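Below, chains carry the letters A, B, ... as their sequence lines are ordered, and counting in each starts from 1. What you see is a predicted model, and the numbers here were worked out from it, not measured in a lab.
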Amino acid sequence: MRGDLDKPGEFEERVRRVLRGLRKGEVATYGEVAEEAGFPGAARAVGNVLARGKGLPWWRVVSAAGRLVPGHESEHARRLRREGFTIVNGRLRQS
DNA sequence: TATCTGACGATAG
DNA sequence: CCTATCGCCAGAT
């Protein structure tokens with residue numbers, strides 16, 4: 001069957017796939033990534049994957065409030081600006 | 001089965 | 001804008 005969403009590692013696999021789908025100049029919130037991955041409500045778990053994963057476009061993910069990654073705001077902002085975004089006070093500019 | 005850990009999210013003060 | 005809470009989740013112990 002297709003829907004073995006409870007298989008161990010399936011969550012991370014899907015999250016990674018969603019992340020790989022984010023193109024330059026495109027960002028998503030942790031919650032959106034979780035939802036697109038088929039695990040609505042697992043925003044927190046998405047953060048865990050991003051924190052440990054390697055080679056992932058982590059800078060294209062921000063909090064629902066537009067906040068950047070704690071402890072890496074400088075580099076995060078730099079990378080986002082490089083893709084055309086505007087950051088104000090460590091926050092992705094609202095709409 | 002019970003707890004604990006986090007790059008979360010919404011809400012209240 | 002800030003902190004405190006509470007709810008929710010996948011994984012690891």
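Nucleotides of DNA chain C nearest to A:Pro8 and A:Asn89 differ in position, and the one nearer the 5' end is that of A:Asn89. When each of A:Thr29 and A:Ala45 is assigned the nucleotide of DNA chain B bearing its nearest heavy atom, the one mapping closer to the 5' terminus is A:Ala45. Nearest-nucleotide assignment on DNA chain C puts the 5′-proximal partner with A:Gly41, out of A:Gly41 and A:Arg52.
Atom CZ in A:Arg14 sits 5.0 Å away from atom CD in A:Glu10 (nearest 0.5 Å). How far CZ of A:Arg17 is from CG of A:Leu19: 11.5 Å, rounded to the nearest 0.5 Å.
We find that CD of A:Glu10 is positioned 17 Å from P of C:dC9, with the value rounded to whole Å. The distance between atom CG of A:Asn48 and atom P of B:dA7, rounded to the nearest whole Å, is 7 Å. Distance CG (A:Leu50) to P (C:dG11): 14 Å, rounded to an integer number of Å. Taking atom CZ on A:Phe11 and atom P on C:dC8, their separation rounds to 16 Å, with Å as the unit. One can place CZ of A:Phe39 at 23 Å from P of C:dG7, the figure rounded to the nearest angstrom. The distance between atom CD of A:Glu35 and atom P of B:dA10, rounded to the nearest whole Å, is 11 Å. Computed from coordinates, the A:Lys54 NZ to B:dA7 P distance equals 13 Å when rounded to whole Å. Between the CG atom of A:Leu80 and the C1' atom of B:dA7 there is a distance of 13 Å, given to the nearest Å.
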Go through the steps to decide whether A:His76 and A:Trp58 satisfy the test ring pair (Phe, Tyr, Trp, His ring centres under 6.0 Å), and finish with yes or no.
CA-CA 9 Å; A:His76 198 164; A:Trp58 58 269; 5.2 Å; yes
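Judged purely by atom type and a 3.5 angstrom limit, A:Glu12 has no side-chain atom pairing as donor or acceptor with the backbone of A:Gly9.
Candidate nucleotides B:dA10, C:dG11, B:dC8 were compared by shortest atom distance to the side chain of A:Ala43, and B:dC8 ranks first. For A:Ser63, counting side-chain heavy atoms from C-beta on, the closest listed nucleotide (B:dG9, B:dA7, C:dC9) is B:dG9. Side-chain atoms of A:Ala42 lie closest to C:dA10 of the nucleotides B:dA7, C:dC2, C:dA10.
Pairing for C:dT13 is with B:dA2, a Watson-Crick or G-U wobble pair whose two hydrogen-bonding atom distances lie under 3.5 Å.
Among the protein residues, A:Gly90 comes within range of no part of the nucleic acid, since none of its heavy atoms lies under 4.0 Å from any strand. Residue contacts for A:Ala51: at a heavy-atom cut-off of 4.0 Å it reaches a base atom on one of the strands shown. A:Tyr30 comes within 4.0 angstrom of a nucleotide base, judged by non-hydrogen atoms across all strands.
Residue A:Arg44 places a side-chain atom within donor-acceptor reach of the base of C:dG7, judged by atom type and a 3.5 Å distance cut-off alone.
A salt bridge does not link A:Glu13 to A:Lys7: none of the charged side-chain nitrogens sits closer than 4.0 Å to a carboxylate oxygen.
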